[in-house]
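In this text the structure is predicted, and so the values were computed from the model without any measurement. Residue numbers begin at 1 in each chain, while the letters A, B, ... track the order of the sequences.
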Amino acid sequence: MSHELPKTYDPSAIEQRWAEYWVAEKIFSVKTPEPGSEASQKVFTLLLPPPNVTGRLHMGHMLNQTEMDIIIRWRRMRGFLTLWLPGTDHAGIATQMMVERQLATEGLSRQKMGREAFIERVWEWKRQYGSAIQAQMKRLGASVDWEREYFTMDEDLSHAVTEVFVRLYEEGLIYRGKYIVNWCPRCMTAISDLEVVHEEVASRLYQVRYPVSGMPGEFVTIATTRPETMLGDVAVAVNPTDKRYTALHGKMLLLPLLDREIPLITDDQADPAFGTGAVKVTPAHDANDFQIGLRHNLPQLNVMDDAGRINENGGPYAGLDRYAAREKILRDLEELGLFVGTKDHVNAIGKCDRCKTVVEPRLSTQWFIKIQPLADRAIEAVEKSEIVFTPENYSKTYFEWMRNIHDWCISRQLWWGHRIPAWHCRNCREIIVVRTTPASCPKCGGQNLEQDQDVLDTWFSSGLLPFTSLGWPQKTPDLDVFYPTSLLITGFDILFFWVARMIMLGCHFMADHPQGSVPFKEVYIHALVRDAERQKMSKTKGNVIDPIEITEKYGTDAVRFTLASMASPGTDIAFNPDRTDGYRAFANKIWNAARFVFMNLDRVGGVSLTQGAPAEEMGRLENRWILSRFHHVSAEVSQSLTNYRFDEAASTIYRFFWGELCDWYLEIIKPRLSGPEAEARSALAFLGDIFEGSLRLLSPFMPFITEEIWHAVYEGNPPQKSIALAPYPELDSRRVSNEAEEQMTVLQELIVSIRNIRAEMKVEPKLRTPVRIEAAQQIQHLILENQGMIERLANVESIEFVTFFAFDTPEAGFGQGLWLSPGGRSTTKFTVEIVYEQKIDVAAERERLSKELKKLETEHANGERQLGNEQFLSKAPAQVVDGLRKRKAEVELLIKKIRAALDGLG
RNA sequence: GGGCGGUUAGCUCAGCUGGUUAGAGCGCCUGCCUUACAAGCAGGAGGUCCACGGUUCGAGCCCGUGACCGCCCACCA
């Protein structure tokens, strides 16, 4: 017998062991089946959103992974061939920043080291620190296939990136050009629109006078929020319809400070209602101005370097940081008497998502993806439900973004990442985009070729993962079997960054795939994890909860269960450790239930917990009931998980295991377990069946504790290597008995009523009392058949059937039977009182009854009104009308009973 | 400037296509160390479903207006 479990539940003592076991035994490794084989038909594929290689697990990850793990374990147990594919992302900017910081502490910089040495250094860093998050995932028991783990900079994945780039280029969907991009002067790279976060700030609108050339004393006053960019002004624009400036059309203005002549032009972009109606035009530093510049064929004058300092075009301001230049320019303008003043102005400034530096719109040569063709197909895929979002309103957000999409700037001036497969001919300036390093320029034959310095946006490569992680561009069995993936679970924060890009790129590159081009068929979007006060967790606020820490305190199972319980769709999760405390108690409950079962088993002996339920046990109501409940619950849990209602599933299981199995069933059968051995064996065999099934039911939610107990159930010799490989409980409608559930409900109500009376009358807890019950024949039968249960659970000494009210007899009226003693309880099925001499607090009892009566009378009046309403009777469904009639009769009965009881109080 | 979500018990949230008595967990109160579990058992209190108006036989749910929270998107200097 090795059913022994330690007396106290100590998650830390079991979790580490199983976490290691799952990995060591490769429990979750998947062999690719033959494409077209039977095994390949029932496949469930899930791609783990790859955490950054620099990452440390946070609660968001844990929520994400808990949800994925629940789904994948559930699918696996239901017989799907499940592949959960893990990997990490090289995270260009983040990783480069981290290593650069490290270098700085050594007095080094990447510039000093040179590109090659720096990249080697990053790899070194990755080898040393880059698997922290995987270790954490292993500890939390994520059931991924570790044998298939990838890294986005792996050789094959890098080849795939090159392949994609070249193909898109050849299709004309990638172009290179000089445009205004978002530039981060600290990261010294271009970033995409998405990587700019807008923040509303109270700032100022500065008004500056530009003298009109050749007309002394004449000025045009412009308004700007970024005065330093005036160094790059090449024109001033006014609206052609703006009469204030008609006289000046075609004149030249003198740009203050630099004394350059610039034209006054007319353009619709200038809004007469804003500021002074005159806007300075700086094509190299503003997206709108860039467009105006194109329309009017204006020069593009760049006045800033890549670090946000004024460059040589800025004359006397060269070398100054943009903000220092702003101050100086304003002072100088004031001295010249050209500064008119400022107005308060709220505008949204863009900051670098990564480092929060204010982004500078800057003219620069970059690579772009022409996105519209990709977006059109991506919109169609969702419109046609090839991809389904849950919650569905996210598809609205998705459409909104997709329909207003801009070309995607994919080049980054970084060193860490996939280098762009383009070579520049030093000789003829030809750009060669090819898969492998070219030997010479195909145009001029020159040998002096240099690879483009830029690397690709990290999201470019991660956008390809649904197919590249399965071996694309090779034609692999993995692609045949596992693409499209079944589901994506992720947070809304990367809906555009990642989800949208995967859809666009997947649909494009997998267009010919026999099972469909979309990268996933479903997307489940979850909310953010916040702290108990609903604050966003952040390092600066110091309210970050470390999943590993909290896990060590409460156990992984409890934390998982907390997250699952709180994962209601569309709401952020306010993570409160108090809840986790409660779910640790639940785990403890499970643990002790197991100990209870094992204790009885070891005492009685001669019975295996998994021998199956003896048929004769089905003669007992409690067994028919719990089995029926088990099957109902199994169906409900699977239904909830189908809808990604983790919260529903969790509470269904919680209520079943604790509220029904432990609180009622175990209590009901206790006497049998300690009774004669044959009886105990039979009862145990039945219990074992239910108990083992309940472990499997729970397993996706609480994998550790169920694994531990499950192995103990089988005394170390289980039918599978892990409970995770055992079948999930499925609804068997032959096991469902609504009759048993209804009967049990009556008994439960009776027992609760008696306990209730006892508590109210302050009967000494250990004293058994006789009870008197009035009930219909059928109910009397039920009660007699289950007398032992009632006596034991309600501390009843004996049961006597009596007549209190005799309402059954027409004309009978009151007084035909006994008076119901104060404190007695009535339901529609029975009336019960206890035989006990102590007086009850009559006033309190009258109050309770009056309150009850009032509620019922209100309900009765409502029912009466409705049933007297022709419209209701003719329009409402028969079922509703019947229900109301039946209820009205019940309410009438209850009202009579309560009135009688009130009368009886005197 | 657009768009989206929310407001239900002290707290965190459910409430399925409108249908009989609005639920759960935690917390709170009372009583119990009942031979698995005091991380437990038993019992209990607690809600004008944000406001106003409308549709309907019937509204927490649908429509309108407003208030208050929160989020996303946006090139107006």
Side-chain angles (χ1 to χ4, degrees), chain A residues 5 7-9 180 193 198 205 222-226 229 237 269-271 274-276 278-282 286-291 345 347-348 350 361 391 393-394 396-397 400-401 404 406 492-493 495-496 528 532 534 565-566 568 570-574 576 578-579 581-600 643 645 647-648 650-651 654-655 662-663 666-667 670 674 752 755-760 762 764-766 793 795 855-856 858-859 862-863 865-866 869-877 879-888 890-891:
Chain A
L5 291 178
K7 191 163 161 46
T8 45
Y9 165 62
I180 294 283
D193 293 350
H198 293 276
L205 197 56
I222 59 92
T224 179
T225 52
R226 294 187 298 151
T229 62
Q269 178 70 41
D271 176 2
F274 188 91
T276 61
V279 58
K280 62 198 244 354
V281 181
T282 323
D286 183 279
N288 285 320
D289 294 5
F290 178 77
Q291 294 300 332
H345 179 67
N347 71 334
N393 60 298
Y394 278 107
K396 254 187 237 166
T397 313
E400 187 68 25
W401 186 75
N404 297 295
H406 298 295
F492 64 84
D493 48 329
L495 181 60
F496 307 136
L528 234 57
R534 316 211 116 266
S565 304
M566 303 198 65
S568 21
T571 341
D572 284 347
I573 293 178
N576 190 339
D578 289 351
R579 290 288 293 265
D581 209 30
Y583 292 120
R584 185 184 52 173
F586 180 45
N588 189 53
K589 189 78 187 176
I590 297 161
W591 186 263
N592 279 296
R595 286 183 52 232
F596 174 74
V597 174
F598 294 156
M599 181 190 84
N600 282 285
N643 301 328
R645 289 301 303 265
D647 57 328
E648 256 178 32
S651 81
Y654 182 97
R655 283 206 295 266
C662 290
D663 286 350
L666 288 183
E667 293 304 325
K670 266 181 184 174
S674 51
V752 168
R755 285 170 175 171
N756 190 311
I757 302 168
R758 289 173 56 93
E760 199 162 287
K762 300 196 183 355
E764 298 105 89
K766 281 178 183 156
L793 296 187
N795 254 335
K855 209 171 131 191
L856 286 165
T858 308
E859 193 189 339
N862 287 341
R865 185 163 41 77
Q866 283 222 292
N869 186 327
E870 288 290 323
Q871 302 255 39
F872 172 71
L873 294 176
S874 58
K875 285 185 184 171
Q879 193 192 337
V880 173
V881 178
D882 286 352
L884 198 60
R885 283 214 175 95
K886 203 174 144 207
R887 177 63 192 166
K888 196 184 146 216
E890 286 176 358
V891 169

Please list, for nucleotides 55-61 of chain B, all pairs of protein and nucleotide N/O atoms separated by less than 3.5 Å.
{"from": "C57(B)", "atom 1": "OP1", "to": "K875(A)", "atom 2": "NZ", "distance (Å)": "2.0"}
{"from": "C57(B)", "atom 1": "O2'", "to": "N869(A)", "atom 2": "ND2", "distance (Å)": "3.0"}

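- Side-chain contact between K670(A) and N600(A) is absent, with no heavy atoms from C-beta onward closer than 4.5 Å.
- No engagement by N795(A) is indicated, since no non-hydrogen atom pair under 4.0 Å with the nucleic acid exists.
- Shortest non-hydrogen contact noted between I222(A) and T276(A) is CA-OG1, 3.7 Å.
- Between the side chain of E648(A) and the base of A24(B), no donor-acceptor pair under 3.5 Å is found.
- A sub-4.0 Å separation between OP1 or OP2 of G5(B) and a side-chain N or O of N393(A) is absent.
- The aromatic rings of Y583(A) and Y654(A) sit perpendicular to each other, their planes meeting at more than 60°, with 30° as the lower class boundary.
- Contact annotation: the side chain of D286(A) never approaches that of T229(A) to less than 4.5 Å [non-hydrogen atoms, C-beta and beyond].
- Between the side chain of R758(A) and the backbone N or O of N795(A), at least one donor-acceptor pair lies under 3.5 Å.
- Residue-to-nucleotide proximity on RNA chain B shows that, of L666(A) and A759(A), the 5′-proximal contact is made by L666(A).
- Here the nucleotide nearest the side chain of Y654(A), chosen from U34(B), C26(B), A36(B), is C26(B).
- Closest to the R755(A) side chain, of the nucleotides U21(B), A42(B), C26(B), is A42(B).
- Both R887(A) and I573(A) lie near RNA chain B, and the one whose nearest nucleotide falls closer to the 5' end is I573(A).
- Using a 4.0 Å heavy-atom cutoff across all strands shown, F598(A) reaches no nucleic acid atom at all.
- Using a 4.5 Å heavy-atom threshold, the side chains of M566(A) and R579(A) count as touching.
- Under the 3.5 Å distance criterion, the side-chain polar atoms of N592(A) are matched with a main-chain donor or acceptor of N588(A).
- At a threshold of 4.5 Å between non-hydrogen side-chain atoms, the residues F872(A) and L884(A) count as touching.
- Remark: R579(A) is not in phosphate contact with U12(B), judged by side-chain N or O atoms under 4.0 Å from OP1 or OP2.
- Searching all strands for a Watson-Crick or G-U wobble partner of A24(B) with both distances below 3.5 Å returns U12(B).
- Using a 4.0 Å cut-off, no side-chain N or O of K762(A) falls inside it from OP1 or OP2 of U30(B).
- Residue contacts for G582(A): at a heavy-atom cut-off of 4.0 Å it reaches no nucleic acid atom on any strand shown.
- No side-chain donor-acceptor contact under 3.5 Å links N643(A) to the backbone of R645(A).
- As rounded to the nearest Å, G60(B) and G15(B) have C1' atoms that lie 8 Å from one another.
- Remark: A74(B) base-pairs with no nucleotide in the shown strands. Criterion, Watson-Crick or G-U wobble with two distances under 3.5 Å.
- Taking atom CG of residue D572(A) and atom C1' of nucleotide C69(B), one finds them 13 Å apart after rounding to whole Å.
- Here R655(A) lies in heavy-atom contact (under 4.0 Å) with sugar-phosphate atoms only.
- Between the side chain of R595(A) and the backbone N or O of T8(A), no donor-acceptor pair lies under 3.5 Å.
- For U30(B), the paired base is A42(B) (Watson-Crick or G-U wobble, both distances below 3.5 Å).
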Reading nucleotides 71-77 of chain B from 5' to 3' and marking B where a protein heavy atom lies under 4.0 Å of the base, S where only the sugar-phosphate is that close, and - otherwise, the string is --SBBBB

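- Among the nucleotides U34(B), A39(B), U20(B), the one closest to the side chain of A585(A) is A39(B).
- As judged by a 4.0 angstrom heavy-atom cut-off over every strand, V752(A) is placed among residues touching the sugar-phosphate backbone only.
- Going from the P atom of C63(B) to that of G19(B) covers 15 Å, rounded to whole Å.
- Nucleotide C50(B) is matched to G66(B) when pairs are restricted to Watson-Crick or G-U wobble geometry with both distances under 3.5 angstrom.
- Ring geometry for F274(A) against H345(A) counts as perpendicular: the plane angle is over 60°, on a 0 to 90° scale with 30° as the lower cut.
- Using a 4.0 Å cut-off, some side-chain N or O of R645(A) falls inside it from OP1 or OP2 of G15(B).
- Using a 4.0 Å heavy-atom cutoff across all strands shown, K7(A) reaches sugar-phosphate atoms only and no base atom.
- For Y583(A) and U12(B), the shortest distance from a side-chain N or O to OP1 or OP2 is not below 4.0 Å.
- Checked by distance alone, K396(A) brings no side-chain donor or acceptor within 3.5 Å of a matching partner on the base of C4(B).
- G66(B) and C72(B): their C1' atoms are spaced 23 Å apart (whole Å).
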